[in-house]
Asker: 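I'd like to ask some things about the structure below.
Just so you know, residue 1 is the first one in the sequence shown, and it goes up from there. When a ligand or atom number is given, it counts from 1 through the structure's own listing order.
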Amino acid sequence: MSGTSSQLQVDGKTVDMAIKTGSIGPSVIDIGKLYAQTGMFTYDPGFTSTASCESKITYIDGDEGVLLYRGYPIEQLAEHGDFLETCYLLLEGELPTAAQKADFDYRVTRHTMVHEQMARFFQGFRRDAHPMAVMVGSIGAMSAFYHDSTDISDPHQRMVASMRMIAKMPTLAAMAFKYTVGQPFVYPLNSLDYTSNFLRMCFAVPAEEYKVNPVLARALDRIFILHADHEQNASTSTVRLAGSSGANPFACIAAGTACLWGPAHGGANEAALKMLEEIGSVDNIPKYIAKAKDKNDPFRLMGFGHRVYKNYDPRAKIMQKTTHEVLNELGIKDDPLLDVAIELERIALSDSYFIEKKLYPNIDFYSGITLKAMGFPTSMFTALFALARTVGWIAQWKEMIEDPSQRIGRPRQLYTGAASRDYTPIGRR
Ligand code: CMC
């Protein structure tokens with residue numbers, strides 16, 4: 001391999017393949033013509049060595065623990081910015097001016113209500129439905145309620161659909177929560193900022209005055225910033241693949257939400273908190289560490305490990321600080337779950353199994369403790385992740401749709417099934 005091209009020897013034939021270089025990060029070998037030239041596909045289950053697209057949105061250096069949105073380090077955005085500013089940045093590519101920010105906030109705020117008929121649509125779900133089941137269904141149903149923004153070839157409709165999803169996701173997530181606890185839906189209040197409004201829609205009841213705690217609102221806003229995008233992860237790739245067929249954006253985001261639900265992805269925050277509760281006390285930690293290391297035991301330390309980060313997840317560091325801020329604000333001095341988490345992290349980080357496999361705490365390790373302290377039930381954790389990731393999914397979907405070279409995504413396979421054979425009538429089988 002040299003310079004801007006690489007060579008591959010296949011069956012005595014030499015195939016030249018261009019090397020493409022990005023602005024930072026690993027270069028890629030362009031194998032687009034490999035099949036035409038060799039009759040062979042590449043094979044990479046789990047896509048560990050495959051770049052599926054070109055993107056200008058988010059950059060991760062997993063070895064160094066770096067995460068950049070449009071070039072800006074996550075630490076700086078989480079410290080100085082707010083979630084809607086991050087949304088603007090991800091969608092538009094630049095930080096907004098004060099006037100652009102005010103206009104963006106205004107437009108998002110004016111889209112926060114959902115069609116009144118959606119409230120009746122919710123009544124179709126079982127009372128005990130998981131909020132993520134309700135989210136997947138209701139986000140998909142938005143394409144039925146907002147079909148005036150489903151024409152993906154119209155830039156104006158794309159923009160309206162994007163604003164609608166960013167604005168309405170908190171309303172839908174709060175409705176999913178209220179529905180499962182049997183309380184009336186709370187309408188959005190446009191005098192509040194995005195995250196305060198969400199807290200109010202979740203925790204206010206008609207019988208009482210509700211005052212948003214600004215420390216909790218700021219902490220949750222930061223959690224949203226941390227979850228806003230993460231390059232080509234499983235759910236984002238799902239959104240892109242669904243969108244590559246020309247499906248409408250609401251359907252694509254519903255597909256991404258379904259993918260996020262899995263415990264190896266966004267469902268890990270719920271699973272991590274359940275695990276901490278199951279461990280229960282610091283004395284039980286060695287038993288669970290042993291289980292995690294046992295090859296014959298499927299148990300994994302939830303909230304540990306990451307496909308890309310082979311170093312501390314930079315989001316986990318900010319999350320840990322946020323956890324302490326929230327617990328302090330709420331006057332929770334001794335949270336047994338936090339004690340278990342801190343000790344588990346300490347032991348795992350000094351254990352050779354975790355060191356050798358580069359398994360560090362990820363964002364989901366501390367987020368559950370924080371969200372629980374704020375009053376969210378574990379079943380809501382992944383819905384909050386979906387709310388925050390919506391902007392990333394939309395930014396990635398828009399980038400793909402606006403790329404003139406975009407084609408339907410269609411991976412191939414290594415077929416290992418039966419070779420061609422003749423049909424046997426049922427009486428002769
Ligand atoms: N506990 C114990 N062992 C682990 C863990 C863990 N959490 N994670 C990975 N390993 C081991 C695994 O058994 C394997 O060992 P070996 O090489 O001996 O077979 C090795 O580490 C590599 O694991 P892998 O499954 O091949 O790695 P992956 O890149 O396919 O999976 C992961 C990444 C995040 C799915 C995995 O680390 C995991 O299941 N972690 C727990 C779930 C979790 O916290 N997920 C949240 C990810 S961050 C938020 C998000 O992206 O949504």
Side-chain angles (χ1 to χ4, degrees), residues 44-50 58 60 62-63 65-67 69 74 132 135 223-239 255-279 285-320 340-341 344-345 347-371 378 381-393 396:
D44 183 20
F47 309 119
T48 48
S49 299
T50 298
T58 293
I60 303 173
D63 295 323
V66 170
L67 170 60
Y69 292 164
I74 189 68
M132 279 301 278
M135 290 294 278
I223 293 174
F224 290 164
I225 295 174
L226 299 181
H227 286 85
D229 195 43
H230 215 223
E231 56 117 298
Q232 309 311 319
N233 57 83
S235 58
T236 302
S237 299
T238 302
V239 170
T257 308
C259 177
L260 185 77
W261 194 358
H265 193 7
N269 51 15
E270 184 175 345
L273 193 86
K274 283 186 178 152
M275 177 194 74
L276 292 176
E277 283 170 345
E278 189 185 317
I279 295 175
I285 292 175
K287 191 173 96 196
Y288 282 87
I289 294 270
K291 271 165 77 64
K293 288 156 67 173
D294 181 355
K295 275 225 157 295
N296 300 315
D297 190 326
F299 176 79
R300 283 185 170 201
L301 279 193
M302 299 315 283
F304 266 79
H306 197 274
R307 169 60 63 79
V308 181
Y309 293 120
K310 302 302 169 195
N311 198 326
Y312 219 107
D313 179 341
R315 302 167 303 170
K317 284 190 191 152
I318 307 168
M319 197 63 241
Q320 192 194 41
V340 172
L344 185 62
E345 180 182 2
I347 295 179
L349 288 178
S350 57
D351 188 294
S352 59
Y353 173 93
F354 291 89
I355 294 170
E356 277 157 26
K357 295 189 189 304
K358 300 189 174 163
L359 298 169
Y360 291 85
N362 59 49
I363 188 169
D364 293 319
F365 190 60
Y366 281 105
S367 63
I369 298 175
T370 322
L371 297 175
T378 42
F381 294 178
T382 315
L384 294 176
F385 192 158
L387 182 172
R389 182 56 58 84
T390 295
V391 65
W393 290 330
Q396 302 269 351

Asker: If you count the non-hydrogen atoms of other residues, nucleotides and ligands that lie under 6.0 Å from CZ in F47, is the total more than 12?
Answerer: no

Asker: Taking only residues at least two apart or on different chains, which pairs with a member in residues 297-307 satisfy side-chain hydrogen bond (donor to acceptor under 3.5 Å, both in side chains)?
Answerer: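 Qualifying pairs: K291-D297.
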
Asker: Could you pull out all residues at least two apart from K274 that satisfy side chain to side chain donor-acceptor pair (under 3.5 Å)?
Answerer: E270

Asker: Students should find this: residues with any non-hydrogen atom under 4.0 Å from ligand 1. What is the answer?
Answerer: P263, A264, H265, G266, A268, A292, K295, R300, L301, M302, G303, F304, G305, H306, R307, Y353, K357, L359, N362, D364, F385

Asker: How many angstroms lie between atom NZ of K317 and atom OH of Y366, to the nearest 0.5 angstrom?
Answerer: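 Reported to 0.5 Å precision, the distance equals 12.5 Å.
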
Asker: Would you call K358-D63 a salt bridge at under 4.0 Å N-O?
Answerer: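 Here K358 does not pair with D63 in a salt bridge, since their nearest N and O are not under 4.0 Å apart.
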
Asker: Output a table of donor-acceptor pairs, distance under 3.5 Å, between side-chain atoms of residues 230-237 and any protein atom two or more places apart or on a different chain; print 'none' if there are none.
Answerer:
{"from": "H230", "atom 1": "NE2", "to": "Y309", "atom 2": "OH", "distance (Å)": "2.7"}
{"from": "Q232", "atom 1": "OE1", "to": "R240", "atom 2": "NE", "distance (Å)": "3.1"}
{"from": "Q232", "atom 1": "NE2", "to": "Q396", "atom 2": "OE1", "distance (Å)": "2.9"}
{"from": "N233", "atom 1": "OD1", "to": "S235", "atom 2": "N", "distance (Å)": "3.2"}
{"from": "N233", "atom 1": "OD1", "to": "S235", "atom 2": "OG", "distance (Å)": "2.9"}
{"from": "N233", "atom 1": "OD1", "to": "T236", "atom 2": "N", "distance (Å)": "3.1"}
{"from": "N233", "atom 1": "OD1", "to": "T236", "atom 2": "OG1", "distance (Å)": "3.1"}
{"from": "N233", "atom 1": "OD1", "to": "H265", "atom 2": "NE2", "distance (Å)": "3.3"}
{"from": "N233", "atom 1": "ND2", "to": "H230", "atom 2": "O", "distance (Å)": "3.1"}
{"from": "N233", "atom 1": "ND2", "to": "E231", "atom 2": "O", "distance (Å)": "3.0"}
{"from": "N233", "atom 1": "ND2", "to": "T236", "atom 2": "OG1", "distance (Å)": "3.0"}
{"from": "S235", "atom 1": "OG", "to": "H265", "atom 2": "NE2", "distance (Å)": "2.9"}
{"from": "S235", "atom 1": "OG", "to": "W393", "atom 2": "NE1", "distance (Å)": "3.1"}
{"from": "S237", "atom 1": "OG", "to": "Q232", "atom 2": "O", "distance (Å)": "3.0"}
{"from": "S237", "atom 1": "OG", "to": "N233", "atom 2": "O", "distance (Å)": "3.0"}

